[in-house]
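In what follows, a structure is listed as structure tokens, so that the remarks can point back to it.
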Amino acid sequence: MTTTRLCLIRHGETDWNTERRFQGHTDIPLNARGELQARQMAQALKDTAITFDDLYTSDLKRAADTANAVAQLFSVKAQVESTLRERHFGALQGLLISEAPLIRPDIWQAHSTRNLDHELEGGESIQQFALRVQNALDMIQERHSGKTILLVSHGGTLEMMYRIASNQALSTERAVSVPNASLNWITHRQGEGWSVEQWADTRHLNGPALENVEHY
């Protein structure tokens with residue numbers, strides 16, 4: 001049986017994370033704490049003597065810079081893949097979570113009730129987002145069957161991968177958090193599909209990590 005393992009890594013902290021502001025496709029860099037988290041995460045992988053075959057990252061700066069901490073420590077190059085981006089939150093991008101229901105109550109209603117087909121005015125629907133993430137997983141699994149791959153992405157994207165690997169319905173509320181710079185493992189076994197191996201490991205971080213608060 002061929003087994004493919006993915007280590008899913010969320011990017012380090014950004015100022016918009018601390019402000020509880022929708023990021024989506026907005027290209028926000030890591031803050032100082034996020035840069036430290038990225039280095040701590042990379043060092044933890046080094047300390048466990050992990051062996052992996054390739055490193056992928058979203059093209060957004062907060063993910064790419066987190067991946068770069070791994071790339072530098074292991075002397076490898078990250079493959080940039082735009083399909084690993086966060087969900088596009090449309091009209092909600094740039095808004096504080098606390099102000100979104102007041103400024104865009106119609107869009108907020110669709111978001112908070114998990115309307116699967118609503119595109120949030122210029123963004124992605126949950127269905128569109130799920131298909132993009134599924135296609136990204138399929139591509140990586142087919143390209144690297146039987147390998148171990150590191151993948152740096154975003155809270156919403158990794159939460160969607162959890163849904164796919166655990167067969168959780170898109171309409172249900174999220175079952176897990178995805179802290180900044182956390183390590184999360186999913187496995188693909190030939191003939192069986194994806195399964196969740198380990199989730200939300202932040203033991204390597206000094207201090208607490210913020211969760212992906214904008215996802216329902």
Side-chain angles (χ1 to χ4, degrees), residues 8-35 37 58-66 82-136 152-182 184 196 199-200 202 205 207-216:
L8 312 177
I9 303 166
R10 187 185 175 203
H11 63 78
E13 183 179 288
T14 71
D15 285 343
W16 279 26
N17 288 152
T18 63
E19 295 169 3
R20 296 170 59 86
R21 190 181 296 276
F22 281 94
Q23 291 184 120
H25 286 194
T26 312
D27 206 6
I28 305 302
L30 299 177
N31 61 21
R33 179 172 176 79
E35 292 172 353
Q37 289 174 333
S58 156
D59 61 338
L60 295 177
K61 185 172 177 58
R62 55 190 183 275
D65 286 352
T66 301
S82 62
T83 59
L84 298 177
R85 279 188 174 198
E86 180 60 279
R87 180 186 176 192
H88 194 306
F89 287 105
L92 297 180
Q93 287 188 174
L95 298 182
L96 297 172
I97 292 173
S98 59
E99 68 184 6
L102 305 175
I103 295 175
R104 296 306 308 263
D106 53 336
I107 307 296
W108 177 259
Q109 173 70 11
H111 174 67
S112 61
T113 59
R114 293 192 66 82
N115 183 321
L116 300 185
D117 298 310
H118 201 293
E119 298 179 10
L120 308 180
E121 197 174 290
E124 288 178 286
S125 70
I126 293 174
Q127 292 279 20
Q128 292 167 338
F129 180 47
L131 180 60
R132 169 162 68 84
V133 174
Q134 180 71 68
N135 288 341
V152 184
S153 188
H154 307 265
T157 311
L158 301 189
E159 193 267 347
M160 184 59 73
M161 291 181 181
Y162 177 92
R163 286 179 182 271
I164 292 168
S166 62
N167 293 311
Q168 183 187 357
L170 296 179
S171 58
T172 58
E173 293 185 8
R174 66 185 176 105
V176 293
S177 63
V178 190
N180 286 124
S182 58
N184 311 273
V196 178
W199 203 259
T202 57
L205 300 179
L210 297 176
E211 298 183 5
N212 53 319
V213 294
E214 67 261 78
H215 307 287
Y216 282 78

Apply side-chain hydrogen bond (donor to acceptor under 3.5 Å, both in side chains) to Thr202 and list each qualifying residue two or more places apart in sequence or on a separate chain.
none

Step-by-step side-chain contact (heavy atoms from CB on, under 4.5 Å) determination, His11 to Asp65
CA-CA 8 Å; His11 63 78; Asp65 286 352; over 6 Å; no

Report the residues that fulfil salt bridge (Lys or Arg N to Asp or Glu O under 4.0 Å) with Glu121, sequence neighbours left out, ordered by chain and then residue number.
Arg104

What residues form a side-chain contact (heavy atoms from CB on, under 4.5 Å) with Ala64, not counting sequence neighbours?
Thr57

Return the CG to CG distance between Asn17 and Asn31, rounded to the nearest 0.5 Å.
7.5 Å

Which atom pair, heavy atoms only, marks the closest approach of Leu30 to Arg62?
CD2-O, 3.5 Å

Taking all non-hydrogen atoms of both residues into account, name the closest pair between Ala100 and Trp108 and its distance.
CB-CE3, 3.7 Å

In chain order, what residues pass the side-chain hydrogen bond (donor to acceptor under 3.5 Å, both in side chains) check against Ser82, with sequence neighbours excluded?
none

Check whether any side-chain heavy atom of Arg10 sits under 4.5 Å from a side-chain heavy atom of Asn180, and report yes or no.
yes

Approximate separation, where rounding is to 0.5 Å, of Ser58 OG and Ile9 CD1:
13.0 Å

Out of curiosity, Leu96 CG to Arg20 CZ, how far, rounded to the nearest 0.5 Å?
9.5 Å

Provide the closest heavy-atom pair for Gln37 versus Ala181 in the form atom of the first, atom of the second, distance.
CB-CB, 3.7 Å

Tell me every residue that passes side-chain contact (heavy atoms from CB on, under 4.5 Å) with Asp117, counting only those two or more places apart in sequence or in another chain.
Asn115, Gln127

Which heavy atom in Val196 sits nearest to a heavy atom in Ala165, and how many Å separate them?
CG2-CB, 3.8 Å

His118 and Ile107: CA distance, side-chain angles, deciding distance, side-chain contact (heavy atoms from CB on, under 4.5 Å) verdict:
CA-CA 8 Å; His118 201 293; Ile107 307 296; 3.8 Å; yes

Who passes salt bridge (Lys or Arg N to Asp or Glu O under 4.0 Å) against Asp15, sequence neighbours left out?
none

Verify side-chain contact (heavy atoms from CB on, under 4.5 Å) between Leu116 and Phe129, making sure each step is shown before the conclusion.
CA-CA 10 Å; Leu116 300 185; Phe129 180 47; over 6 Å; no

By side-chain contact (heavy atoms from CB on, under 4.5 Å), Ser177 pairs with (sequence neighbours left out) Arg174, Pro179, Glu211, Asn212

Tell me every residue that passes side-chain contact (heavy atoms from CB on, under 4.5 Å) with Ala169, counting only those two or more places apart in sequence or in another chain.
Ser171, Thr172

Applying salt bridge (Lys or Arg N to Asp or Glu O under 4.0 Å), name anything that partners Glu124, two or more places apart in sequence or on another chain.
Arg132

Given Arg87, which of Leu120, Val133, Thr157 fulfils the side-chain contact (heavy atoms from CB on, under 4.5 Å) condition?
Leu120

At what distance, to the nearest 0.5 angstrom, does NE2 of His88 lie from CD of Glu119?
11.0 Å

Determine whether Val178 and Asn184 make a side-chain contact, defined as any pair of heavy atoms from C-beta on separated by less than 4.5 Å.
yes

Working to the nearest 0.5 angstrom, can you tell me the gap between Leu60 CG and His154 NE2?
4.5 Å

Mind checking what makes side-chain hydrogen bond (donor to acceptor under 3.5 Å, both in side chains) contact with Gln134, not counting sequence neighbours?
Asp138

For Trp199, give me all partners under ring-ring contact (aromatic ring centres under 6.0 Å, His included), at least two apart in sequence or on another chain.
Tyr162

Looking at CG of Asn167 and CZ of Arg163, how far apart are the two atoms once the value is rounded to the nearest 0.5 Å?
12.0 Å

Mind checking what makes side-chain hydrogen bond (donor to acceptor under 3.5 Å, both in side chains) contact with His25, not counting sequence neighbours?
Arg85

Here the pair of heavy atoms bringing Ala63 nearest to Val152 is O-CG1, 3.4 Å

Side chain to side chain, Leu84 and Met161, heavy atoms closer than 4.5 Å
yes

